Amino acid sequence: MKDFDVIVIGAGLGGLSAGALLAAQGRSVLVLEQADRIGGCCSSFERDGFHFDTGASIVEIIKPIEDVFKKLGTTLQKEVDLIPCDPVMSIIRPDGSRMTIPFSIEKTGELISSISPEDGRRWKDFVDFYSEMADVTLDTFFSMPADSMTDLFAMLGRQPRMAKYLPVFLSSYQNILQRFFKDERVLQSMGYQALYFGLPPALVPGPYAMIPYTEQMGIYYPRGGMLKIPEALQRMGERFGMQVRLNTTVEKVVVRDQRAQSVILADGTEITARVVVSNINARTLYQKLVGEEYLKPISRKGIRSYAYSKAVPMLYLGVDYEPPLEAHHNLIAASPEDINQYWWKHVETGQLDYETIGLICWPSHTDASLAPKGKHVINLIPEGFYNLAEGNWDDLKEEYIQKELDYYSRFAIPGLKEHVQYVECSTPLDYERRLCLPEGAIYAFQQDLTAQAIFRPAARSKNIRGLYLTGASTHPGGGVPSTIASGMIAANLIEKYEQ
Ligand SMILES: Cc1cc2nc3c(=O)[nH]c(=O)nc-3n(C[C@H](O)[C@H](O)[C@H](O)COP(=O)(O)OP(=O)(O)OC[C@H]3O[C@@H](n4cnc5c(N)ncnc54)[C@H](O)[C@@H]3O)c2cc1C
């Protein structure tokens, strides 16, 4: 007799989504989280009356999340108060000029036409192309397992129109953008979003060039902070009896006869379960918690081959004025080519650039309750990376904060430095320590074509029976909707294979 039907390691979005759905299947579920709060990268905390988000700052492409809540017998909109972000974003160009993208396909088309009439006409073609593709892929690619070729054929069986879009996978984000648009200023407004997938435009697979379109399907912020999404998943799971234990680190997954049997906690306690679901980085899972000796040689080689995804630093600022910004998301943008150059020159060499592209997030623009009256919260997310050519993030941290405050005050947010009341910074090293993200990898592994779908670690372990994966490490990859979808994929597989 096992202690639980299912143990979930990690209370990130993937773990909570899988846990809640498995509890709804009538299984006894225990979620173990090493941190003192749930949500992992999608969480929130409070300091001096300012409410900050730990990592994720918006949610878009909400269809997979709606599907999960529907399966839990409710709706996303009932459980989370999602505020649409309008305008969609503001673009701060390298010359300092700005462009505000409205939440309207037509008005965005008019804006693009005012810059380049030809690109304005092409915007309509772009929208037509990606609206159909989004329809097709959201129903399949983002909601079905991709552990094998059979799974891919099953996707095609369910949605034969997907075949039309397969060549797009062989193209890059940059190629697709440049196929539709020619004007440098228009390209500057769409290139940065490639980095939402953790790579520069030249390396992100073509399907993700749908982002400038999907942004027009809505970008949302949960009233009260990003934590409201994992909280809703936890609440739903608990309705079905799911238990969540915080401050509980899993150190080992015990395997016998190539089947997961139990987990061992940091204090030595062993808890047995019929099924173990991992929401942690798959390399950490297989190399440290399970042990490579349980993997077939090809899988051992495979797991070692995954490169960690990008890492970023994040500055959390509480300010006592209304910052001169235009939107919830403000991108310090550049053309796709310049973003590629930044990547080769800095990320690949570890040479930090303090005055570079980045994201300014202004959540209290959308939800004033996040800060005391008359005050605001801002998150700065300058592009960065884990491995520095010189020194380490701990030694650099104070200097880094000051240099970034200088740059952002000068270039993007006049007056910022004088109005900062609270400042804290999570470096990639801090993310590694606090959330056990190896090398601070925010999307687990790089998301180029070689680590997508069947090439990403499988949701149903190919080596260990009774072991399932959720979260950014597995298909469909990193991001709020994808990781929540991964929980549904794991829960469906467990329903099928673990009676
Ligand atoms: C700075 C930043 C900005 C981002 N911005 C966005 C955004 O705006 N929009 C978007 O869609 N996505 C964004 N993302 C990505 C998105 O937040 C993540 O991809 C997603 O939340 C990851 O979910 P996950 O299920 O993989 O779990 P994780 O968030 O990785 O959580 C895993 C959990 O497991 C716990 N854990 C680890 N090891 C153990 C152990 N041994 N025992 C017990 N518990 C353990 C961790 O503490 C953690 O809570 C951002 C991420 C970051 C970091």
Side-chain angles (χ1 to χ4, degrees), residues 7-19 30-43 52-62 64-65 85 89 193 195-198 211 214 219-221 226-227 229-230 233 244-253 263-266 277-282 284-285 288-289 309-316 328-329 358-359 361 363 379-384 425-428 430-438 440-445 447 469-474 476-487 490:
I7 285 174
V8 181
I9 310 171
L13 293 174
L16 289 169
S17 158
L30 174 65
V31 181
L32 301 169
E33 167 56 49
Q34 60 87 30
D36 60 0
R37 70 178 89 104
I38 61 163
C41 300
C42 182
S43 194
F52 298 106
D53 295 314
T54 312
S57 53
I58 49 104
V59 53
E60 56 188 288
I61 315 184
I62 58 172
I65 313 179
C85 298
M89 77 181 94
Q193 291 88 319
L195 293 164
Y196 293 173
F197 294 94
I211 280 291
T214 57
I219 290 186
Y220 299 93
Y221 186 76
M226 293 300 290
L227 177 62
I229 299 177
L233 289 169
V244 178
R245 248 180 244 172
L246 300 176
N247 302 305
T248 308
T249 304
V250 175
E251 291 217 322
K252 206 87 204 126
V253 173
V263 299
I264 297 182
L265 309 183
V277 175
S278 166
N279 183 211
I280 68 173
N281 187 285
T284 312
L285 170 75
K288 295 201 176 134
L289 272 64
S309 80
K310 83 166 190 177
V312 287
M314 185 153 168
L315 275 77
Y316 311 96
H328 184 106
H329 261 186
L359 172 63
C361 185
N379 302 326
L380 306 181
I381 315 175
E383 277 306 309
C425 175
S426 254
T427 67
D430 292 325
Y431 278 119
E432 181 175 63
R433 284 188 290 239
R434 289 174 192 159
L435 294 176
C436 307
L437 304 178
I442 73 173
Y443 303 126
F445 303 127
Q447 311 205 91
L469 273 63
T470 61
S473 286
T474 186
V480 172
S482 307
T483 50
I484 293 178
S486 77

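Just so it is clear, the model here is predicted, and its values are computed rather than measured. In listed order, ligands and their atoms are each counted from 1.
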Hey, is [X] touching ligand 1 through its side chain, its backbone, both or neither, going by heavy atoms under 4.0 Å?
| X | answer |
| --- | --- |
| Met314 | side chain |
| Tyr431 | side chain |
| Leu13 | both |
| Ile280 | side chain |
| Val312 | side chain |
| Val59 | neither |
| Ile9 | side chain |
| Ala56 | both |

Closest non-hydrogen atom pair between [X] and [Y], with its separation:
| X | Y | result |
| --- | --- | --- |
| Thr54 | Met314 | O-SD, 3.7 Å |
| Leu195 | Lys310 | O-NZ, 3.1 Å |
| Ala35 | Leu246 | O-CB, 3.6 Å |
| Ser486 | Gly471 | OG-N, 2.7 Å |
| Pro438 | Thr284 | CG-OG1, 3.7 Å |
| Val480 | Met226 | CG2-CE, 4.2 Å |

* Going by heavy atoms, is Thr248 under 4.0 Å from ligand 1? ->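 In this structure, Thr248 qualifies as a contact of ligand 1 - some heavy atom is under 4.0 Å.
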* Can Ser482 be said to touch ligand 1, with heavy atoms closer than 4.0 Å? ->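 No, Ser482 has no heavy atom closer than 4.0 Å to ligand 1.
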Shortest protein contact, [atom] (heavy atom only):
| atom | answer |
| --- | --- |
| atom 31 (O) of ligand 1 | Gly12 CA, 3.4 Å |
| atom 23 (O) of ligand 1 | Thr483 CG2, 3.6 Å |
| atom 53 (C) of ligand 1 | Ile442 CG2, 3.3 Å |
| atom 8 (O) of ligand 1 | Ser57 N, 3.0 Å |
| atom 9 (N) of ligand 1 | Ile58 O, 3.0 Å |
| atom 49 (O) of ligand 1 | Glu33 OE1, 2.6 Å |
| atom 15 (C) of ligand 1 | Tyr443 CE2, 3.6 Å |

Do [X] and [Y] have side chains that get closer than 4.5 Å, going by heavy atoms?
| X | Y | result |
| --- | --- | --- |
| Pro363 | His328 | yes |
| Ile65 | Tyr220 | no |
| Ser17 | Thr470 | no |
| Val250 | Ile280 | no |
| Glu33 | Asn279 | no |
| Asn247 | Asp36 | yes |
| Ile38 | Val31 | no |

Which atoms of ligand 1 sit under 4.0 Å from any heavy atom of [X]?
| X | value |
| --- | --- |
| Gly40 | 29 (O), 31 (O), 48 (C), 49 (O) |
| Pro481 | 11 (O) |
| Leu32 | 43 (C), 44 (N) |
| Thr249 | 41 (N), 42 (N) |
| Leu437 | 30 (O) |
| Cys436 | 37 (C), 38 (N) |
| Gly478 | 19 (O) |
| Ala472 | 26 (O) |

Counting heavy atoms only, which of [options] comes nearest to [atom]?
| atom | options | answer |
| --- | --- | --- |
| atom 32 (C) of ligand 1 | Asn279, Val253, Asn247, Val31 | Asn279 |
| atom 21 (O) of ligand 1 | Ser473, Cys41, Ala266 | Cys41 |
| atom 34 (O) of ligand 1 | Gly15, Gly479, Gly10, Gly471 | Gly10 |
| atom 42 (N) of ligand 1 | Ile61, Val250, Leu16 | Val250 |
| atom 3 (C) of ligand 1 | Ser486, Gly55, Pro230, Ala35 | Gly55 |

* Of all residues at least two apart in sequence or in a different chain, which pass the salt bridge (Lys or Arg N to Asp or Glu O under 4.0 Å) check with Arg434? ->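 Once residues adjacent in sequence are excluded, Arg434 has no partner under the salt bridge (Lys or Arg N to Asp or Glu O under 4.0 Å) criterion.
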Could you state the interatomic distance from [atom1] ([X]) to [atom2] ([Y]), rounded to the nearest 0.5 Å?
| X | Y | atom1 | atom2 | value |
| --- | --- | --- | --- | --- |
| Ile61 | Ser482 | CD1 | OG | 7.0 Å |
| Met89 | Leu359 | CE | CG | 9.5 Å |
| Leu227 | Asp53 | CG | CG | 8.5 Å |

N/O to N/O below 3.5 Å, does that happen between [X] and ligand 1?
| X | result |
| --- | --- |
| Gly14 | yes |
| Val480 | yes |
| Arg37 | no |
| His329 | no |
| Gln34 | yes |

* So, the side chain of Tyr316 versus the backbone of Ser426: is there a donor-acceptor pair under 3.5 Å, distance only? ->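 Not confirmed, Tyr316 side chain does not pair with Ser426 backbone.
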* Ser473: partners by side chain to side chain contact (heavy atoms under 4.5 Å, CB included), with sequence neighbours left out ->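 Here the qualifying residues are Asn281, Ala282, Ala444, Phe445.
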* Just wondering, are more than 12 heavy atoms of other shown residues or ligands nearer than 6.0 Å to NZ in Lys288? ->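 Check fails, neighbour count at 12 or below.
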